[in-house]
Amino acid sequence: MKPATFDYTRPGTRREACDLLHEFGDDARLIAGGQSLMAVLNMRFAQPGLLIDIAGIQDLHYIEDRGDYLAVGAGITQAELLEHPGLAEKVPLLAQAMPWIGHAQTRNRGTVCGSIAHADPSAELPLCLTALGGEVVLEARKGKTRKLPAHEFFQGILTTAKRTDELITEVRFPLGQGNERYRFREVSMRHGDFAIVALAVRICGDRTDLTVGGVADRPVRRSMTGNDARASWLNHFAWSLNAQDDAHASAVYRRHLVRELGSRLIDECSAQKDDTHAPQG
Amino acid sequence: MHLKADTRHRVTVTLNGRERAGYAEPRTLLSDFLRHELGATGTRVGCEHGVCGACTVLVDGRASRSCLMLAVQAQGRDLQTVESLAREETLNDLQQAFRKHHALQCGFCTAGILISSTEFLTRVSRPTETQVRDMLSGHLCRCTGYTGIVNAILEVAETRDHEVSGPTDKEQENNNV
């Protein structure tokens, strides 16, 4: 369980990193915190020729409130975002969901953008980004940037719209609004394990958004209005996700969780008055 | 900086307060660098994919998996391993509490758990049992069933907190009765 050989480089600027990506293409992999990639390398599921470590790029190290969204640079670890003052008021869903990411020992190094780039369908951050309708900012050579909404960025299991010559520089989480309420919950074998099913609910007036992770090949969000019959709406949603059996849970159990836990979470979220004091877990 | 594969590069770190240097290929894991190059064999290597927690060390004060980090990424960093805890021949309070509460049997997971607990207790001075168990969820122990570990950590938290802030109001009340 040791990685195969690779060259290692630590560029000091985004421009340098993008030039390297352009030059080496498929043969290069980006590493920041390495909490997903290192396991992949150790098991030799990936054998890149070059590892580009972006942890040394100082201007990717920021968390900025830009009025309608919270911008998180690619250098920010999950622990840093979780400890960011005022996170529970700014993006309440993140404050609820992030303690469920891995363990404290992996959040200390794992980055926010790294988890988004890895695009594990059961991971919490892709779920949150999808639930909130956030964006991913990508940069390529010569300062060419583009923005993609979460639902276009995530394209399947460990698959995203990021091109091999692009670097995620930032993700943007829309700020919570006063009239919105949020709840997050997940079921896993042990706390910190991969989610069997993870759910995020957002209620705004008459509209309820439910986002489901861990079932389909990417997080999926659907909206329900007051006119929909909840039980049948949840049942349709659960069946539409094309759940699969695996070692951890059957497809039947996953659909059951979407229906039951979804319904409970919607109830809890409706009953909740002040989002900032929502219990965690 | 571009480090070639198959070539050993000099890596300098501060290990338990002392500057140390060794050589590592780009693919060398920090866990192997610590054990084989610097001789710090207190850190154990278990699963090598970040699940078991045995190899946990402090990197710039934060508990991290040394199997999920390259030695070359540790260049210039401050590392703290289990060897830093005891003073001369005397175990520190956390280690003594582990011994008292039978918080270890085979001991393979212990170095990592001691290191995580060390960081945890600097961050959370009076943790609840739930918080301790949440921190421990990042470690696998197949011997103890965790009960002794939880008790040891809670006891140390209470003792250290007493030393800093004195007994709580409630405890003061009980003492007066």
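Please read all numbers here as calculations on a predicted model, not as lab measurements. In what follows, chains are A, B, ... by sequence order, proteins preceding strands, each numbered from 1.
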Notebook entry, point to check: When heavy-atom pairs shorter than 4.5 Å are enumerated against chain B, which of A/Gln105, A/Gln35, A/Met38 gives the highest number?
Noted result: A/Gln105
Item checked: Greatest number of heavy atom pairs closer than 4.5 Å to chain A - which of B/Glu25, B/Glu48, B/His49 -> B/Glu48
Next item on the list: Let me know if B/Ser137 has heavy atoms under 4.5 Å from chain A in its side chain, its backbone, both or neither.
Entry: both
Note to self: Consider side chain to side chain contact (heavy atoms under 4.5 Å, CB included). Of A/Ile116, A/Leu70, A/Ile76, A/Leu81, which one does A/Val171 pass it with?
What the structure shows: A/Ile116
Notebook entry, point to check: More than 12 heavy atoms of other residues, nucleotides or ligands under 6.0 Å from CG of A/Asp246: is that the case?
Noted result: yes
Check: In terms of heavy-atom proximity below 4.5 Å to chain B, should A/Met1 be classed as side chain, backbone, both, or neither?
Finding: both
Next item on the list: Sort B/Gln73 into side chain, backbone, both or neither according to what part of it lies under 4.5 angstrom from a heavy atom of chain A.
Entry: both
Notebook entry, point to check: Any donor and acceptor pair, going by atom type alone, linking the side chain of A/Gln96 with main-chain N or O of A/Phe184 inside 3.5 Å?
Noted result: yes
Margin query: With chain A as the partner, which of B/Asp134, B/Leu3, B/Leu70 has the greatest number of non-hydrogen pairs under 4.5 Å?
Written below: B/Leu3
Item checked: Heavy-atom contact with chain B under 4.5 Å, split by part of A/Leu41 -> neither
Item checked: Contacting moiety of A/Ile31, where chain B heavy atoms sit under 4.5 Å -> side chain
Check: Would you say the side-chain atoms of B/Arg44 pair up with the backbone N or O of B/Gly112, donor to acceptor, closer than 3.5 Å?
Finding: no
Notebook entry, point to check: What part of A/Ala55 gets closer than 4.5 Å to chain B, counting heavy atoms only: side chain, backbone, both or neither?
Noted result: neither
Next item on the list: Against chain B, label A/Arg10 side chain, backbone, both or neither, depending on which of its atoms sit under 4.5 Å from a heavy atom there.
Entry: both
Checklist line | Between B/Ile115, B/Thr56, B/Val72, the one whose heavy-atom pairs under 4.5 Å with chain A are most numerous | finding: B/Val72
Check: Given the options A/Thr5, A/Asp193, A/Val40, which has more heavy-atom pairs under 4.5 Å with chain B than any of the others?
Finding: A/Thr5
Checklist line | Closest non-hydrogen atom pair, B/Lys4 against B/His9 | finding: O-NE2, 3.0 Å
Check: Is the count of non-hydrogen atoms from other residues, nucleotides or ligands lying under 6.0 Å from A/Arg44 atom CZ greater than 12?
Finding: yes
Note to self: For A/Asn108 and A/Thr77, which I'm curious about, is there any donor-acceptor pair between the side chains at under 3.5 Å?
What the structure shows: no
Notebook entry, point to check: By a 4.5 Å heavy-atom criterion (distance strictly below it), what part of A/Leu51 contacts chain B: side chain, backbone, both, or neither?
Noted result: side chain
Note to self: Which residues pass the side chain to side chain contact (heavy atoms under 4.5 Å, CB included) test with A/Glu83, not counting sequence neighbours?
What the structure shows: A/Ala79, B/Arg62, B/Arg123
Checklist line | Contacts of type salt bridge (charged side-chain N to carboxylate O under 4.0 Å, His left out), residue A/Asp19, not counting sequence neighbours | finding: A/Arg141
